[in-house]
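Data block below; observations after.
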Amino acid sequence: MLRFSRFIVTHKKMLIILFALLLIPSIIGALNTKNNFDMLSYMPEELNSKQGEKILEEKFELSGTGMVVLNNKETWEIEEIKTSIKSITGVDNIISLSDLTDIYVPTEFIDKRIRDNFVKGESTLLQINFVENARTKTTGDAVKAIRKIIGEDGLFGGEPAIMEDLQATTDNEKVYYMVIAVISLFVILSLSMTSFLEPLLFLVAVGVAIVINMGTNVFLREISFITSSVVAVMQLGISMDYSIFLLHRFEEEKLKCGTIEEAMINAMNKTSIAISSSALTTLAGFGALMIMKNGIGADLGFVIGKGVLTSLIVNLTLLPCLILIFHKYSDKHRHKPILPSFKKISSVIVKGRWAFLILILVIATPAFLAQKKIEFYYTSEHYLPETTRSAVDTKAISEEFGATEVLYVITKNEGRVKEKALIENVKNIAVVEKVLAISEQVDMTIAESFIPKEVFKNFRGGDYQYFSVFLTTSADDKRTFAALDTIQNYTSGMYDEYYITGRAPLAKDLADLVDLDNRNVSILSISLILLILAISFMSLSIPLILILVIQLAIWINLGIPYFQGTKLASITPVIIGAIQLGATVDYAILFASRYKENLGIIGVRKEAIRQTIEDTGRSILTSALTMFSATIGIYYITSIKATGELTLLIGRGAIISMITIFLGLPSMFIIFDKLIGISSIKWPKHKK
């Protein structure tokens with residue numbers, strides 16, 4: 001490491017130029033990386049609902065489905081609008097009343113079962129089927145074109161419209177996320193450091209790492225919109241610790257060395273292991289997300305993990321060069337740290353250590369039970385505020401025409417009679433409002449040879465046929481899940497091969513994966529971090545104590561939404577568990593390392609703990625505040641619910657972890673003192 005450090009310091013200008021050049025392809029790559037707004041697309045391919053979605057696309061050229069309602073339009077106007085919409089690239093077909101009956105027959109003479117599906121008063125419903133799924137650019141462009149055709153008076157609801165609004169909202173807000181995070185971090189760092197220039201250097205270095213990380217995502221082709229929204233802010237908050245570690249050691253080495261170059265070489269050499277170890281625990285947390293059955297875990301874990309690794313490299317290469325080049329300017333504008341020291345509060349914590357530990361346990365116990373009872377949402381419409389156009393229109397269509405939630409039952413084409421028998425059973429389910437099928441729309445007494453091919457085309461493809469089921473409940477409602485089980489039982493009893501797909505079946509499959517993913521990620525992240533800590537501390541007990549303290553903080557953090565009556569996105573708890581453990585265990589590591597050092601010097605437990613709180617207080621507070629400030633601003637400005645709740649829990653989790661470390665670890669180190677001594681190699685000998 002000494003040779004590497006000397007090489008970096010010697011060639012600092014060359015390295016700055018190199019990183020500046022790397023920014024060019026990185027920016028191009030970032031601009032060409034697509035965002036995936038369909039969270040259900042990350043489900044495993046072997047699921048029945050995913051296989052059904054694929055058949056729906058391949059056999060019926062049917063994917064995204066939207067609902068358009070036209071008000072106060074004459075028949076000829078409706079037909080003109082239909083023709084215009086059909087000509088749009090990305091639109092497959094449109095199903096309306098005129099496709100199922102003669103448009104010249106007066107409405108009052110049309111079968112009421114058919115008529116009520118498409119006409120209510122002066123309003124006419126068009127079901128628009130898109131060629132591609134709701135998340136693609138082609139469908140998004142088609143949504144924009146349809147909105148221009150129908151104007152402000154027309155209503156356009158359903159998943160494609162929701163996805164378009166979700167994408168527009170996210171794209172508009174991402175810039176504000178970074179601006180708020182950068183300003184907040186600059187303020188916190190300026191308060192905790194002795195120069196206003198050094199925080200700027202930190203932000204420049206991390207900014208370069210963020211751009212490189214976002215640029216390399218082009219090789220993935222696309223990342224989820226949640227990953228895209230939070231990765232830069234997360235990378236900013238997490239990797240700032242590495243910069244702080246390096247600068248603090250550099251300031252110490254300046255007092256010992258003859259030149260600032262030599263001081264930086266020594267600082268890099270002495271902090272590289274500590275910074276790498278810190279990054280390793282964080283990578284373990286994010287790496288554990290990659291084993292989730294839900295593919296969003298691999299997406300988020302890989303991208304942010306890659307970002308942490310990129311930040312580590314930049315902090316050991318570019319940042320030292322920037323600090324050295326701008327060092328003389330930093331020294332001219334020094335000020336005292338504004339954040340308080342922990343000298344006085346350390347004595348208070350030591351004196352009240354037992355009361356504080358009991359308080360933490362009293363809070364954590366109900367929180368542990370509460371976090372197991374959190375209710376979740378699984379579909380994209382919950383991500384948007386209720387005031388967006390797609391949400392308003394979808395609600396209006398639902399109120400006027402009833403159900404807008406559609407699922408598809410796909411079976412082998414074994415005739416209309418068998419399909420009709422299945423549909424009669426499905427129609428008896430409480431939450432089913434109506435069924436759209438060839439056997440429903442065409443009288444069963446009419447021979448198939450007399451039915452127009454255009455009508456068959458809407459419901460049959462190759463060896464398969466399908467029918468649409470309209471539900472009165474939302475996709476992630478518990479009653480919907482129960483109905484899906486019933487539909488599956490009916491269908492499996494009549495057909496050997498069948499598929500049930502749509503947002504509701506996909507949401508149910510997602511719900512079924514939550515507990516499995518949560519358990520697997522928790523076990524792997526805890527196991528990996530335990531192993532890293534056991535090697536670092538040469539101890540069996542220290543890792544368990546540190547993990548327990550952070551786990552208490554995680555339970556408290558995740559228990560709060562239950563008591564607030566707040567629903568969370570299904571992926572939030574598992575992601576928070578991994579991130580909070582991986583990112584904030586560093587605070588506990590710093591505390592335990594300094595306690596071991598102070599215990600060896602002072603030799604008395606209580607005084608060593610008091611000194612440790614004083615020594616590490618400002619550093620841990622700064623780290624927690626940087627994470628908090630980088631994320632909490634997003635919570636207050638974002639319109640995307642999932643992004644807001646994720647950033648809130650990350651920021652709040654950092655503060656809760658800091659508090660549990662200061663108030664819980666002192667008592668735990670005293671309680672388990674003998675166990676620590678027995679189970680640890682080279683643990684300092686001391687008095688009680």
For N93 and N129, what are the C-alpha separation, side-chain angles and deciding distance, and is it a side-chain hydrogen bond (donor to acceptor under 3.5 Å, both in side chains)?
-> CA-CA 5 Å; N93 62 62; N129 299 322; 2.7 Å; yes
Verdict with reasoning, T501 to E53, per side-chain hydrogen bond (donor to acceptor under 3.5 Å, both in side chains) | CA-CA 6 Å; T501 191; E53 186 180 50; 5.4 Å; no
What's the verdict on side-chain hydrogen bond (donor to acceptor under 3.5 Å, both in side chains) for S49 and D509, showing C-alpha distance, side-chain angles and the deciding distance?
-> CA-CA 8 Å; S49 57; D509 285 340; 2.5 Å; yes
Candidate pair T124 and K73, rule side-chain hydrogen bond (donor to acceptor under 3.5 Å, both in side chains), full reasoning = CA-CA 8 Å; T124 301; K73 299 290 184 184; over 6 Å; no
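Separating the CG atom in N71 from the OG atom in S123 is a distance of 4.0 Å, to the nearest 0.5 Å. Between the CD1 atom of I78 and the CG atom of L126 there is a distance of 7.0 Å, given to the nearest 0.5 Å. To the nearest 0.5 angstrom, Y377 atom OH is 10.0 Å from T566 atom OG1. A distance of 11.5 Å separates OG in S474 from OH in Y378, rounded to the nearest 0.5 Å. Considering OG1 of T647 and CZ of R652, their distance stands at 10.5 Å, rounded to 0.5 Å. Expressed to the nearest 0.5 Å, how far CD1 of I650 lies from CD of Q580 amounts to 9.5 Å.
Side chain to side chain, E433 and T472 fail the donor-acceptor criterion of an N or O pair below 3.5 Å.
Side-chain contact between F481 and T473: absent, with no pair of heavy atoms (C-beta onward) separated by less than 4.5 Å. Between K50 and L506 the shortest side-chain heavy-atom distance falls below 4.5 Å. At least one side-chain heavy atom of I560 sits under 4.5 Å from a side-chain heavy atom of Q564. Side-chain contact check for Y464 versus I55: some heavy-atom pair is nearer than 4.5 Å. The side-chain heavy atoms of L646 and I575, taken from C-beta on, include a pair separated by under 4.5 Å. L422 has its side chain within reach of Y490: a pair of non-hydrogen atoms, C-beta onward, lies under 4.5 Å apart. Contact of the Q127 side chain with the S96 side chain is not registered, since no non-hydrogen atoms from C-beta on lie closer than 4.5 Å. With a 4.5 Å cut-off on side-chain heavy atoms, Y177 and I637 count as touching.
Side-chain atoms of T572 do not come within 3.5 Å of backbone N or O of L568 as any donor-acceptor pair. Using a distance-only test at 3.5 Å, with no hydrogens or angles considered, a donor-acceptor pair links the side chain of D393 to the main chain of F156. A distance-only check finds no donor-acceptor pair linking the side chain of T638 to the backbone of I634 [under 3.5 Å]. Although no hydrogens or angles enter the test, the distance criterion places no donor-acceptor pair under 3.5 Å between the side chain of D165 and the main chain of T388. The closest donor-acceptor contact from the side chain of N172 to the backbone of A168 lies under 3.5 Å.
For residues 481-497, the salt bridge (Lys or Arg N to Asp or Glu O under 4.0 Å) pairs, not counting sequence neighbours, are K412-E497, D485-K508.
Within 6.0 Å of the OH atom in Y498, the count of heavy atoms belonging to other residues, nucleotides or ligands exceeds 12. For Y636, the OH atom is loosely surrounded, since the number of other residues' heavy atoms within 6.0 Å does not exceed 12. Counting non-hydrogen atoms of other residues, nucleotides and ligands closer than 6.0 Å to CG of N428 gives a total above 12. Counted within 6.0 Å of OH on Y635, heavy atoms from surrounding residues, nucleotides or ligands total 12 or fewer; the atom is thus considered open.
Minimum interatomic distance between I423 and A437 (heavy atoms only, all atoms of both residues): CD1-CB, 3.5 Å. The two residues I556 and A364 make their nearest non-hydrogen contact at CG1-CA, 3.9 Å. Smallest separation of non-hydrogen atoms from S525 and L581: OG-CD2, 3.8 Å. G285 and A578 get closest at one heavy-atom pair: O-CB, 3.3 Å. Here the closest heavy-atom approach between residue I94 and residue K82 is recorded as CD1-O, 3.6 Å. Closest approach of A421 and M494 over heavy atoms only: CB-CE, 3.8 Å.
The existence of a salt bridge linking R416 and E419 is excluded, since no basic side-chain nitrogen approaches an acidic carboxylate oxygen closer than 4.0 Å. With salt bridges taken as basic N to acidic carboxylate O contacts below 4.0 Å, none links E645 and K641. A salt bridge does not link K54 with E57: none of the charged nitrogens is closer than 4.0 Å to a carboxylate oxygen.
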Using atom types as modelled, flag every donor-acceptor pair under 3.5 Å from a side chain in residues 286-300 to any protein atom, sequence neighbours excluded.
from, atom 1, to, atom 2, distance (Å)
N294, OD1, I296, N, 3.2
D299, OD2, S224, N, 3.1
D299, OD2, S224, OG, 3.1
D299, OD2, T227, OG1, 2.6

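Under the 6.0 Å distance and 45° angle rule, K418 counts as a cation-pi partner of Y495.
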